[in-house]
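The first residue of the sequence shown is numbered 1, and numbering continues consecutively from there. As the structure lists them, so they are numbered: ligands from 1, and atoms in each ligand from 1.
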Amino acid sequence: RAKEEGRGRYRIFESSMDEAVQEKVALSPDLRNALADDQGLSVHYQPQIEILTGRVIGYEALIRWNHPVRGNIPPALFIPIAESSHLICDVGYWVLRQAAFQAKEWLDAGVPTPTIAVNVSAAQIWNSDLVSDVGKVLAESDLPPHLLCLELTESLLMDQNESRVRNVLKSLKEFGVTLALDDFGTGYSSLGYLTQLPFDKLKIDRIFIDGVNTSQRSTELLRGIIALGRGLGMTTIAEGAETQEEVAVLRELGCDQIQGFFFARPAPADEALAYALRMAADALVAATPDRYQA
Ligand code: C2E
Ligand code: MG
Ligand code: MG
Ligand code: MG
């Protein structure tokens with residue numbers, strides 16, 4: 001009986017695999033069209049908050065795709081399709097441009113610290129000229145480079161020529177942009193690269209935050225990761241804090257920044273900005289002695 005069930009399950013698995021493959025085949029031309037016509041793609045922004053002050057210190061740019069027939073398709077689904085169909089470099093460039101122009105607009109409007117973080121796929125290092133693309137976007141948008149942060153994952157180090165990575169990252173740093181290591185702790189690399197590569201910021205993956213207030217072992221692991229980042233001179237940011245309790249633990253452990261649903265979800269530029277301004281107003285009120293408050 002168990003054997004039969006097992007076989008049944010295998011068949012289901014197999015047919016859902018077929019569907020997944022079919023979906024990929026079907027979606028990649030649609031994505032190509034979306035890029036070509038500039039239709040259906042947009043960028044949402046999620047605030048990043050400095051824990052000690054509660055100030056919004058930047059935003060992560062996250063791509064959104066509203067498919068003409070299928071509606072919103074999450075990046076977790078279409079980014080891998082973009083990766084395997086070589087569209088990811090175009091996608092990455094498109095988001096970089098949008099985000100840089102948005103940040104410059106905010107800067108000109110007087111928004112405090114409109115730092116913008118953009119995800120960069122490893123493929124952009126291997127299959128495109130990332131350094132010249134970043135240079136071009138900075139020049140055209142006139143965004144001060146220190147307001148641009150590029151987020152890379154450990155996957156860029158997998159069985160590849162490390163000196164190429166090092167040279168590209170070095171050139172990017174020479175522009176004055178900052179570099180963040182995204183999804184830290186979920187990759188397969190050895191830790192050795194941390195001393196070799198010029199990352200400014202460590203983004204601690206959500207798996208290390210989830211439930212950290214209820215498990216002593218999780219708390220200790222997180223404490224260690226924060227100490228590691230701090231010891232190497234990096235800013236630490238926790239991804240995906242969803243509850244007040246998680247935020248409290250992160251604050252106690254000395255994590256510098258938080259990006260998570262507890263504070264704000266990714267949203268269109270105007271909404272993200274409205275949120276930031278509200279936070280700034282609240283912080284101002286909190287910092288003002290009672291006798292000055294109306
Ligand atoms: P990521 O770069 O690690 O981005 C953070 C993801 O975590 C975002 O998902 C964000 O919505 C989600 N998140 C933030 N706070 C919370 C929280 O408190 N709880 C939960 N459950 N999730 C939270 P999103 O926007 O769906 O993007 C998923 C991934 O897709 C990104 O992970 C990134 O790897 C990729 N991606 C998104 N935009 C781009 C892009 O422009 N280029 C590239 N190459 N990848 C992108
Ligand atoms: Mg990211
Ligand atoms: Mg991440
Ligand atoms: Mg992620």
(Q) Report the atom name of the nearest N/O/S atom of D182 relative to the Mg ion (ligand 2). (A) OD2

Q | Cationic N near anionic O, under 4.0 Å, R32 to D90 | A | no

**Q.** Of the listed options N119, L62, V95, L152, closest to atom 43 (C) of ligand 1 (non-hydrogen atoms)
**A.** N119

**Q.** Contact atoms of ligand 1, heavy-atom distance to P266 under 4.0 Å
**A.** 11 (O)

(Q) For R217, is there an ion pair with E220 - N to carboxylate O distance below 4.0 angstrom? (A) no

Q | Heavy-atom gap R64 to ligand 1 smaller than 4.0 Å | A | yes

Q) N/O/S atom of D205 under 2.8 Å from the Mg ion (ligand 3), yes or no? A) no

Q | D183: its N/O/S atom lying closest to the Mg ion (ligand 3) (atom name) | A | OD1

Q. What part of A241, side chain, backbone, both or neither, has a heavy atom within less than 4.0 angstrom of ligand 1?
A. backbone

Q) For ligand 1, is any non-hydrogen atom under 4.0 Å from V91's backbone (N, CA, C, O), its side chain (CB onward), both, or neither? A) neither

(Q) Counting only heavy atoms closer than 4.0 Å, does ligand 1 sit against the backbone of E60, its side chain, both, or neither? (A) side chain

Q | E140 and K136 ion-paired at < 4.0 Å | A | no

**Q.** Pairwise side-chain contact, K203 with Q48, heavy-atom cut-off 4.5 Å (strictly under)
**A.** yes

Q) Which bit of V43 gets closer than 4.0 Å to ligand 1, counting heavy atoms only: side chain, backbone, both or neither? A) neither

Q | Residues R206, D210: salt bridge by 4.0 Å N-O rule | A | no

Q | I63, portion touching ligand 1 at heavy-atom distance under 4.0 Å | A | both

Q.
Quick check: do I49 and I57 have side-chain heavy atoms less than 4.5 Å from each other?
A. no

Q) Hey, would you say the W106 and Y45 ring centroids sit under 6.0 Å apart? A) yes

Q: For A264, check side chain to side chain contact (heavy atoms under 4.5 Å, CB included) against everything at least two apart and list the hits.
A: P47, Y275

Q. Between Q46 and ligand 1, which residue portion shows a heavy-atom distance shorter than 4.0 Å: side chain, backbone, both, or neither?
A. side chain

Q: May I ask you to check whether T153 brings an N, O or S atom to under 2.8 Å from the Mg ion (ligand 2)?
A: no

Q) If you measure from atom 19 (N) of ligand 1 to every heavy atom of E242, E239, H44, Q98, which option wins on shortest distance? A) E242

Q) Heavy-atom distance under 4.5 Å between the side chains of L143 and F101, does that happen here? A) no

Q. Closest to the Mg ion (ligand 2), which N/O/S atom of E60 is it?
A. OE2

Q. If we only count heavy atoms from C-beta on, is the K201 to L181 side-chain gap below 4.5 Å?
A. no

Q) Closest to the Mg ion (ligand 2), which N/O/S atom of E151 is it? A) OE1

Q: Would you indicate which of A123, P75, C89 comes nearest to atom 27 (O) of ligand 1 when only heavy atoms are counted?
A: P75

Q: Check ligand 1 against R206 and write out every atom of the ligand that is under 4.0 Å from a heavy-atom position of the residue.
A: 19 (N), 20 (C), 21 (N), 22 (N)

Q. Considering residues at least two apart in sequence or located in another chain, which fulfil the ring-ring contact (aromatic ring centres under 6.0 Å, His included) criterion with H146?
A. none

Q: For the Mg ion (ligand 3), decide whether E239 has an N, O or S atom at a distance under 2.8 Å.
A: yes

**Q.** Side chains of I73 and L31 in contact at under 4.5 Å (non-hydrogen atoms)
**A.** no

